[in-house]
2 protein chains.
Amino acid sequence: MSSYGQFCPVALGAEIFAERWTPLILREMLHGEISFSDLHRGVPRISKNLLVQRLQPLHASGIIEQVAAGEHRRHYRLTVAGLALGPVIDALGTWGYNWASKDLDDEHLDPDFLMWSLRRLLRMDALPDERVVVAFRFRGHADRLYWLVLQRSGVDLCLHDPGYGVSLEVNGTVAALAGVCLGHAEIRRAIHDGEVELLGAPRHRKGFPTWLGVTHFAALPKVAAAVSR
Amino acid sequence: MSSYGQFCPVALGAEIFAERWTPLILREMLHGEISFSDLHRGVPRISKNLLVQRLQPLHASGIIEQVAAGEHRRHYRLTVAGLALGPVIDALGTWGYNWASKDLDDEHLDPDFLMWSLRRLLRMDALPDERVVVAFRFRGHADRLYWLVLQRSGVDLCLHDPGYGVSLEVNGTVAALAGVCLGHAEIRRAIHDGEVELLGAPRHRKGFPTWLGVTHFAALPKVAAAVSR
DNA sequence: CGGTATCCCCCGCGATACTG
DNA sequence: CAGTATCGCGGGGGATACCG
């Protein structure tokens, strides 16, 4: 029995929404049409099997649908009912931002997800005209390297050297850059404090801080009583 | 691993909120201080074991706390951080009301929960001065009887005849009365259509429709596109 | 009332391989 | 890329009994 057995609107909503992984899947889909692979990149710790299992009831409930995306490609997209879940995601994220995002433990600081977030938060209009390749290396994760290929026409995240040469190297802690994404820290201050180190030509070191955006939750009025736990 | 591994506020919120049963538990607690037993009555299909298991992380996260309630009694209560989850419950219920409350299947129409809802939705100020005992019997659930003891000083729900004598007898379908609670149907119309039958003195049959309230979600602006599924 | 303690079963989920 | 198929395990959770 997967039903709560209640006709209460909260219970009816929870049957669909309050399922493990589902809020994260919906969060990704709120950014627009998306392919299965990109969806998986946004929620990397879910298995493909389980992702499919989560998408099925969302489809059956009329919350998502599939649309053709070129030859032999399909994308997922929210329906009107799915878009109506936006305020729920927003309310949940607002709570999470105010009450749970201050002291993050290592468990929440996956560099894969950080890179995917940095990619999403890039301020496209602030990027330089030339192509810039930025390499990232994180303390405590020496085994993983990332390359961000920045162009105004589009941005790529690579796990292997794309071969164009590296314009800027970023070394730092995941915590510091996550704090920047969340708007809890200033990138320039993190650099000054040595939590993030930039290696490259001065124009790229100067430019980098201007390319990064922050989550839209950072624009919320702060809750004074919110404590770190 | 119970963490999503993401520092995103939505993920951080979901780790706590999007757990099975948790939204229903929080919904009950938003009504104010509550004892373990009453909490269980509002979520009758959860086991006591599991209810305790769900309360523990809420306590550890600083969302709920326990307060003394007389000698040897304790109640649960939301903290400030817990009250801040109110907008999330509200957003979820709003979605559920608009997109999932139109066509309910039997699985969602548990008479136990209906009675608990009726009890909560009674308009205390509209009750008569005298004590009135209302007995309920539902089609398809002939084995279960309920008595609602109405007094302006307080209301009791009993599973055994309280012995004061019965002033009014209500026979009907769970679906019809659930529709009334949700504001989808008018109780007078349900009576006229034979979905609900009242047996008793005329003044009680006249009074009964005035005693019932509807969920506050019914006051929302209707979403035109919302379909029944 | 307000929970613990214990037993045990099932299925949710991860790992791995495969397909069009 | 976009999933499906299969196997196997672990623990989530139901049932029941107990306790202060």
Side-chain angles (χ1 to χ4, degrees), chain A residues 1-5 14-16 18-25 28-29 33-60 64-77 107 110 112 116 156-160, chain B residues 1-5 14-16 18-25 28-29 32-60 64-77 107 110 112 116 154 156-160:
Chain A
M1 84 107 182
S2 106
S3 160
Y4 291 120
E15 285 186 12
I16 289 175
E19 195 74 23
R20 187 158 172 78
W21 297 109
T22 297
L24 307 206
I25 292 168
E28 293 300 309
M29 299 200 59
E33 263 187 48
I34 191 170
S35 68
F36 186 86
S37 297
D38 280 352
L39 190 48
H40 199 193
R41 272 188 202 103
V43 195
R45 291 202 181 180
I46 197 177
S47 72
K48 283 196 293 182
N49 263 346
L50 192 45
L51 179 52
V52 173
Q53 275 183 54
R54 285 297 179 269
L55 291 173
Q56 272 161 359
L58 292 176
H59 186 253
I64 64 175
E65 60 189 356
Q66 286 192 295
V67 292
E71 201 67 22
H72 294 276
R73 293 293 159 84
R74 324 205 49 164
H75 279 185
Y76 289 96
R77 179 169 62 175
E107 192 51 41
D110 179 347
D112 284 352
W116 192 245
D156 272 333
L157 172 60
C158 308
L159 300 179
H160 300 286
Chain B
M1 83 110 180
S2 106
S3 159
Y4 290 121
E15 285 185 14
I16 289 175
E19 195 73 24
R20 187 159 171 79
W21 297 109
T22 297
L24 308 205
I25 293 168
E28 292 300 308
M29 300 201 59
E33 262 187 49
I34 192 170
S35 68
F36 185 87
S37 296
D38 282 352
L39 190 47
H40 199 192
R41 273 189 202 102
V43 194
R45 292 203 180 179
I46 197 177
S47 72
K48 283 196 290 182
N49 261 346
L50 192 45
L51 178 53
V52 173
Q53 275 183 55
R54 286 296 179 270
L55 292 173
Q56 273 161 0
L58 292 177
H59 186 253
I64 64 176
E65 60 190 354
Q66 285 193 294
V67 293
E71 201 68 22
H72 294 276
R73 293 293 160 87
R74 326 204 49 168
H75 279 186
Y76 289 96
R77 179 170 61 176
E107 192 52 41
D110 179 347
D112 285 353
W116 193 246
D156 272 333
L157 172 60
C158 308
L159 301 180
H160 301 287

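Note that the structure is predicted; figures quoted are calculated from it, not measured. Numbers restart at 1 for each chain; the letters A, B, ... are given by sequence-line order, proteins then strands.
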Scan nucleotides 10-13 of chain D against the protein and return all N/O pairs shorter than 3.5 Å with their distances rounded to 0.1 Å.
{"unit_1": "dG13(D)", "atom_1": "OP2", "unit_2": "Arg54(B)", "atom_2": "NH2", "d": "3.0"}

Interatomic distance where [atom1] belongs to [X] and [atom2] belongs to [N] [whole Å]:
{"X": "His72(A)", "N": "dG3(D)", "atom1": "NE2", "atom2": "P", "value": "14 Å"}
{"X": "Ile25(B)", "N": "dG2(C)", "atom1": "CD1", "atom2": "C1'", "value": "15 Å"}
{"X": "Leu51(A)", "N": "dA15(C)", "atom1": "CG", "atom2": "P", "value": "15 Å"}
{"X": "Ile46(A)", "N": "dG14(C)", "atom1": "CD1", "atom2": "P", "value": "7 Å"}

Under the salt bridge (Lys or Arg N to Asp or Glu O under 4.0 Å) test, which residues partner Asp38(B), sequence neighbours left out?
Arg41(B)

Asp112(B) meets the salt bridge (Lys or Arg N to Asp or Glu O under 4.0 Å) criterion, sequence neighbours left out, with Arg144(B)

Within the side chain of His40(A), is there an N or O that forms a donor-acceptor pair under 3.5 Å with the backbone of Ile46(A)?
yes

Quick one: side-chain hydrogen bond (donor to acceptor under 3.5 Å, both in side chains) partners of [X], sequence neighbours excluded?
{"X": "Glu33(A)", "result": "His75(A)"}
{"X": "Glu15(A)", "result": "Ser3(A), His108(B)"}
{"X": "Arg54(A)", "result": "none"}
{"X": "Glu19(B)", "result": "none"}

Only counting residues at least two apart or in another chain, list the ones meeting side-chain contact (heavy atoms from CB on, under 4.5 Å) with Glu65(B).
Arg77(B), Thr79(B)

Partners meeting side-chain contact (heavy atoms from CB on, under 4.5 Å) with Arg74(A) (sequence neighbours left out):
Gln66(A)

Measure the spacing between CG of Leu39(B) and CG of Leu51(B) and express it to the nearest 0.5 Å.
5.0 Å

With each end axis built from five pairs of C1' atoms, what bend angle do you get for the helix from dC1(C)-dG20(D) to dG20(C)-dC1(D)? Round to 10°.
60°

Any side-chain N or O of Arg73(B) below 4.0 angstrom from OP1/OP2 of dG20(D)?
no

What nitrogen or oxygen pairs link the protein and nucleotides 3-9 of chain C at under 3.5 Å?
{"unit_1": "dG3(C)", "atom_1": "OP2", "unit_2": "Tyr76(B)", "atom_2": "OH", "d": "3.3"}
{"unit_1": "dG3(C)", "atom_1": "N7", "unit_2": "Lys48(B)", "atom_2": "NZ", "d": "2.9"}
{"unit_1": "dG3(C)", "atom_1": "O6", "unit_2": "Lys48(B)", "atom_2": "NZ", "d": "2.5"}
{"unit_1": "dA5(C)", "atom_1": "N6", "unit_2": "Asn49(B)", "atom_2": "OD1", "d": "3.2"}
{"unit_1": "dA5(C)", "atom_1": "N6", "unit_2": "Asn49(B)", "atom_2": "ND2", "d": "2.7"}
{"unit_1": "dT6(C)", "atom_1": "O4", "unit_2": "Asn49(B)", "atom_2": "ND2", "d": "3.1"}

